[in-house]
Structures are given as structure tokens and as C-alpha cells.
Amino acid sequence: MQTDWSVVLNFLPQLIGGAKITVQITVIGLFGGLILGTMAGLMRAYGGRVLNAIAFTYVELIRGTPIVVQVMFLYFAMPVLTGLRVDPMSAAVLAIIVNAGAYIAEIVRGAFLSISRGLSEAGLALGLPQWKVLVYILGPLAFRRLIPPLGNQFIVSLKDTSLFIVIGVGELTRTGQEIMAANFRAVEIWTAVAVIYLILTGTMSVALRMIEKRMRIL
Amino acid sequence: MSIIEFRKTSKHFGDLKVLDEVDLHIDVGEVVVLIGPSGSGKSTLLRCINGLEQISGGDLVMDGISVRAGKKQLRLIRQEAGMVFQQFNLFPQMTALENVAFGPRKVRGASVAGAREQALALLEKVGLSDKAGHYPAELSGGQQQRVAIARALAVRPKVMLFDEPTSALDPELKQEVLTVMRQLAQEGMTMVVVTHEMAFAKQVGTRLIFMEHGKISVDGHPREVIENPPSERLRDFLQHVE
Ligand SMILES: Nc1ncnc2c1ncn2[C@@H]1O[C@H](COP(=O)(O)OP(=O)(O)O)[C@@H](O)[C@H]1O
Ligand SMILES: [Mg+2]
């Protein structure tokens, strides 16, 4: 079998274009997922019965179904149910937001609940309202504990974007497949795709390590 | 004049009755030492005063405000009743100075410079000027507890509540904390102290309360009560702690 690595160079601009879309979906999706996940996590940890039940249901629905099914639902079933069409890119971003949000909710909840009750009481005993205790005392402590599991989730979500091949988003995996279909250079193209994923996840890992190192876990 | 008034105050945890229609008036300037067997409700009594536990029956009025008056009033009560915990509960991400300046900044709305100056003065008062920049993890238990006292004082409370402040400390570290507390009492601070330090109770306390099963069973002058226990169970209890 002969390999010809020059094809990788020929198709590199196309692959990088795909990688850009992968990064775009990941970044926007995780940004939304962080907001949604933080809200749901705090609802789980500190919300009353109703808020807690809403967040719990959301988390269990998402954790209990595959992300491919979720994005199919968003892309194909939602328009039927609501009459609103979404383009593949929006469906992909939305899927990451909703999916990562559920996992992040559990991470956030765990981080806050792992902080001793005594610290919360010490804050309250000074006369602080609950929200200030959360923002000024528990938040900064929880944040440090969030970073390692959050980093893990970021990498999982980045790789999950490859599954959006099923709705035809032109992200990295889809791009690889399209090139493949035209020239059958499986070894070269899939190696290149894998290496690009590794570069993306590796960059994330290194960045998170650096943040982790800067902060003492308390 | 009473600053803390328990009026037939009850507290249940589910079916468990932890405070049973407690009536207790504490006046300004009193140093009340609270003793009693484990589980008799001492911590709960203390924590009801600043609303860390919600009372289930009766009323409890602190500095003219009922603990049932609402969230906002409860925060006012908490500003007037500083609390010191057995486990110190210092904020680990803040230095000693930041811990002490935190309350004035976030509760009283003090300026950065004002809060800092006051915090330095309080750290000096508890003998820890040289530890201002240290994090809690870098301090001994006794030092941490003294910072915790300074932190509570920084909000300028009228009353200080202590829940076994020396129980988590090695014997050689207890004294430095008791010394700070003694000094506070001498300055006229109203204090409610759960402790088993009977020497402190005798020397500093103006009143001794013995709790049993959620009720006050003995209430008297520390020296008299300790030297002449009016009940068999108090006599037994005192033998165990000494
Ligand atoms: N949050 C709680 N939930 C349920 N039971 C509690 C709670 N806090 C305290 N108790 C119970 O109330 C009783 C009195 O507790 P506490 O006031 O801490 O006693 P003490 O401080 O005198 O040892 C104990 O039986 C304890 O187990
Ligand atoms: Mg106790």
C-alpha cells in the first residue's frame, strides 16, 4: 500500500476550514452550556423543591439519551413540533449547549456541595444575604474545584461535535469524509483529521493545566 | 435591659424536640456560660439566636427584633450577633486580613481603606498583627480561632455567640483563645458561650446555665453553682468535665 502525504497538504485549507467550524460550535456551545449548566447546577444545589425538580428532570433527560439523538431531535423533530426551522449549525450549537449544560450542572452542583456548610454559615452569620455568600465565598472556592472536571467536559464536548456529521454540519469530521469520498485517501486524511483533533484537545488540556496550576485548590 | 429574649422558644428537628419552651432573658453585659451533655441543645439554642436555625414555636427577640420578622430583619440580627464556631470556618481563599475586612466591606459597606485599617486594629487586638498576610491554612488552630473572633467583631456586633470555641484545639492552644475572650468580657461585651472550660466559666462568667433535654435545668451564678451544684445530674456532669 502506498501512502501519499502530499494530499494532506492539498486538502489542508479545507480541513482547517472544517476545524474552524468545529471550534466555533465548541466555543459557542460551551459558553452557553456553562451559563445553562451553572444555573441548573445552582438550582439543584440551592433551589427550592420546584426549581430543583426542573433542573433534575433536565439533567436526567439529557444524561439518559445519546447526543446524536438529541441533535436529530433538535434538527428534525423540533421543526415538526414547533414549526421553527433551524439550520444545521444552530442545531449543532444548541445540542452542545443543552448537552454540555446537563453535565456541567452536575459538576457545578458537586463543586458547591463539596464546600463545607460551615463556610456558608460563617458568611450568613456575618449578616450577608444568601446571594452574597454564593458570589463572594462559595463561588470562588467552587470555581477552583470546577476546573479539572470542567476541562474534561470541554474535551468531551469538542469531540462530540464530530457526531454532528449526522445532520450535515461541515465540521472537521464531515470535511474529512467529503474529501475521502472524492479521493479514497483514507490513511492520510483520517490521520490528518485525528492529528487536528489532537491539536485542539491538546491545546485545551494545556490551557486548563495552566489555570489549574495558577490556582491553589482550597 | 434584656438584649436576648427567649419566649417559650421551641425547636424541633422532625419529631425530635431539641428546645422545649425555653424562657431565657439575657441582659446587656452578661457573660452567659452554657453547659450540658452532648445533644442537650446548646448549639441549637445558640444558633436560634442568629437564625441559623429557624425556631418552631414561641418567639425569640434579639435586640428588639424577632427572629421571625423576615429575612431582612434576620440579617440585622446577625449583624448584631457575631458568631464564633468550633471549626473556625475561616474563608480559606482569603488572608487573615481579608477575612476580618470581609464583613465590614460586604455587610456594612465600609471603604477598602477603612475596612483594612479596622481589620489591622482587630488583628492587633487578638495578637496577630504579624499574621495579617497569612492564609488560614498557614495558621495554627488557636491563631485561626483568634482571626475568627476578629472577623466576627469587625461587624461591630452587640453580642458575641461562641459555640465550643476551644473544643477543636490542642490544650496548649486553648489559652490564647480564652485570653482573647476574657479580654472581650472585661470590655463589657455581652457574650453567650458554650464551653466546657469550667475555669473560664468561674472566672469570666456572670451566669451559668446547665441544659438538659432541651430545657434549662440550672441557671445561676457560676461560682455558686459549680461549688454547690443544686442538682445531682449537674454534680455528675461537672465531675465528668473536670
Ligand atoms: N440539623 C439537624 N437536623 C436534625 N437533628 C439535629 C440537627 N442539629 C442538631 N440536631 C439534633 O438536635 C439535638 C441537639 O443538638 P445540639 O444543639 O447540637 O446539641 P449540643 O450542642 O448540646 O450537643 C441532637 O440530638 C442533634 O442530633
Ligand atoms: Mg454543640
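Order of the sequence lines fixes the chain letters, A, B, ..., with proteins taken first and strands second; residue numbering starts at 1 for each chain. This structure is a prediction, so every number in the text was calculated from the model and none was measured.
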Undergrad: Tell me whether the count of non-hydrogen atoms from other residues, nucleotides or ligands lying under 6.0 Å of CD in A:Glu60 goes above 12.
TA: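 Enclosed: over 12 neighbouring heavy atoms sit under 6.0 Å from CD of A:Glu60.
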
Undergrad: Can you confirm whether A:Lys159 is buried at NZ, in the sense that more than 12 heavy atoms of other residues, nucleotides or ligands lie under 6.0 Å from that atom?
TA: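 No - once you tally the heavy atoms of other residues, nucleotides and ligands closer than 6.0 Å, there are 12 at most.
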
Undergrad: Which atoms of B:Phe85 come close to chain A, meaning under 4.5 Å heavy atom to heavy atom: side chain ones, backbone ones, both, or neither?
TA: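 The side chain, not the backbone.
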
Undergrad: If you measure from CG on A:Leu128 to CZ on B:Phe102, what distance do you get to the nearest 0.5 Å?
TA: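 The CG atom of A:Leu128 sits 5.0 Å away from the CZ atom of B:Phe102.
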
Undergrad: Nearest 0.5 Å, what's the CD-OH distance between B:Gln93 and A:Tyr136?
TA: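 Going from CD on B:Gln93 over to OH on A:Tyr136, the span is 13.0 Å.
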
Undergrad: With a 3.5 Å distance limit and no angle check, can you tell me whether B:Gln87 reaches the backbone of A:Gly118 through a side-chain donor-acceptor pair?
TA: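 Here the side-chain-to-backbone pair does not exist.
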
Undergrad: Is a side-chain N or O of A:Lys132 found less than 3.5 angstrom from the main chain of B:Lys106, in a donor-acceptor match?
TA: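 Looks like yes, one N/O pair under 3.5 Å.
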
Undergrad: For B:Arg116, is the CZ atom crowded, meaning more than 12 foreign heavy atoms sit under 6.0 Å from it?
TA: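 No, the 6.0 Å shell around CZ holds no more than 12 heavy atoms from other groups.
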
Undergrad: With a 6.0 Å cut-off (strictly less than), is the heavy-atom count around CZ of A:Phe31, excluding the residue itself, greater than 12?
TA: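 No, because the 6.0 Å sphere around CZ of A:Phe31 holds 12 heavy atoms or fewer from other groups.
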
Undergrad: Are more than 12 heavy atoms from other residues, nucleotides or ligands located less than 6.0 Å from atom CZ of B:Arg156?
TA: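 12 or below, so no.
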
Undergrad: Are any of the side-chain heavy atoms of B:Asn89 and A:Ser120 separated by less than 4.5 Å?
TA: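 Of all side-chain heavy-atom pairs linking A:Ser120 with B:Asn89, none is under 4.5 Å.
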
Undergrad: Run the side chain to side chain contact (heavy atoms under 4.5 Å, CB included) check on A:Glu121 and B:Arg47 step by step: do they pass?
TA: CA-CA 10 Å; A:Glu121 290 185 344; B:Arg47 292 160 58 86; 2.7 Å; yes

Undergrad: Got more than 12 heavy atoms from elsewhere within 6.0 Å of CE, A:Met78?
TA: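 At most 12 heavy atoms, drawn from other residues, nucleotides or ligands, come within 6.0 Å of this atom.
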
Undergrad: Hey, what do you get for CZ (B:Arg105) to CG (A:Leu126), rounding to the nearest 0.5 Å?
TA: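 That separation rounds to 14.0 Å.
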
Undergrad: Which answer fits B:Ala154, side chain, backbone, both or neither, if we ask what part of it has an atom under 4.5 Å from a heavy atom of chain A?
TA: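 Answer is neither: B:Ala154 stays 4.5 Å or more from chain A.
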
Undergrad: Give a yes or no on whether A:Gln130 atom CD has more than 12 heavy-atom contacts from other residues, nucleotides or ligands under 6.0 Å away.
TA: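 Atom CD in A:Gln130 is packed in, count exceeds 12.
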
Undergrad: To the nearest 0.5 Å, how far apart are CZ in B:Phe88 and CG in A:Leu119?
TA: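 If we round to the nearest 0.5 Å, B:Phe88:CZ and A:Leu119:CG are 12.5 Å apart.
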
Undergrad: Could you check which of A:Ser116, A:Gly123, A:Ala122 has the highest count of heavy-atom pairs closer than 4.5 Å to chain B?
TA: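 Sorted descending by pairs with chain B, the first entry is A:Ala122.
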
Undergrad: For B:Arg75 and A:Gly127, work out which heavy atoms get closest and say how close.
TA: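 In this case the closest contact between B:Arg75 and A:Gly127 is CD-O, 3.3 Å.
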
Undergrad: More than 12 foreign heavy atoms under 6.0 Å from CD of B:Gln183: is that the case here?
TA: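 Atom CD in B:Gln183 is packed in, count exceeds 12.
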
Undergrad: Using non-hydrogen atoms and a 4.5 Å limit, figure out which bit of B:Leu161 sits close to chain A: side chain, backbone, both or neither.
TA: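 No part of B:Leu161 comes within 4.5 Å of chain A.
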
